[in-house]
Amino acid sequence: MKLPLARLVASLLLSAAAAHAKPCGNPAAVLETRQAAEEQCACGAATRNRSYMSCVLRVAHEAVVSGALSPRCKAAVMSCAQRSVCGKPDYVTCCRTTPEGTTTCAIRRSARVCLAHPPKGGHSYLSPFSSVCDACPAGVCTSTTTSTTLGVSAMAEDCRSILVTWSNPEVSVTIGRSTDNATWTTVLSASRVGEATFLDTDLQPLTAYYYQVTPLSGP
């Protein structure tokens, strides 16, 4: 007789923490302002960091004046701009992964410097994202793992995708996603037997995502 396995929940927070005591309470406003700054300030075209930062500051200030952004959230926008390669020729967004799977990202002055100093037993790599806020939320990518029959885990691939894995590929599962840990949306109705990974894409940065992995049947 086949019995249903226990329902498992894994969660992963994708948020950019600003360098100030009280965190921003409106991440959507931060994202919208950062998008407006990219349209007006164009990181890829910036040749001087000072000019780029002045442009972002102007966009953020205008958002505060219009009421679209709070002064507290303005600090989050500026923090992400500061921790970027915009207007810094040859600088790169460098990520380092330890043998335990913990990844941290930071801005380094060159690709050579980044790749020449991997963590012991781990590796370093160049991220395609211009800001640490996007390459790795808050500078640290973390995952939560449920150590049970399926061994569910979730890990950020980048600022817009999360890889959900489970250890038993012989069990078909359904996966639900939530941003409040209360209302769930099915993002995978049934996995194929033999597969044990699911990549959730087109996610929003600065957002908490929770994953609920439910086995359809068990041995």
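All residue numbers in this chain count up from 1 along the given sequence.
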To the nearest 0.5 angstrom, please state how far the [atom1] atom of [X] sits from the [atom2] atom of [Y].
X: Y52; Y: Q82; atom1: OH; atom2: CD; answer: 10.0 Å
X: E62; Y: K74; atom1: CD; atom2: NZ; answer: 10.5 Å
X: T214; Y: W184; atom1: OG1; atom2: CH2; answer: 8.5 Å
X: Y125; Y: C114; atom1: OH; atom2: SG; answer: 9.5 Å
X: R48; Y: K88; atom1: CZ; atom2: NZ; answer: 14.0 Å
X: Q212; Y: T185; atom1: CD; atom2: OG1; answer: 11.0 Å

hydrophobic_cluster_shared for L188 and V171, side chain cutoff 4.5 Å: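 Same cluster: V171 reaches L188 through Ile, Leu, Val, Met, Phe, Trp or Tyr contacts under 4.5 Å.
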L115-Y91 co-clustered via ILVMFWY side chain contacts under 4.5 Å: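 No; Y91 is not reachable from L115 via cluster members.
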Are more than 12 heavy atoms, taken from residues, nucleotides or ligands other than [X], located less than 6.0 Å from that residue's [atom1] atom?
X: H61; atom1: NE2; answer: no
X: R58; atom1: CZ; answer: yes
X: E32; atom1: CD; answer: no

Examine distances only and state if a side-chain atom of [X] and a backbone atom of [Y] form a donor-acceptor pair shorter than 3.5 Å.
X: T186; Y: S189; result: no
X: S172; Y: S191; result: yes
X: S79; Y: A75; result: no

pair check: C105 + C94, SG-SG < 2.5 Å: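 No, because the SG atoms of C105 and C94 are not under 2.5 Å apart, which misses the disulfide cut-off.
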Criterion disulfide (SG to SG under 2.5 Å) on C86 and C43, from CA distance to verdict: CA-CA 5 Å; C86 304; C43 174; 2.0 Å; yes
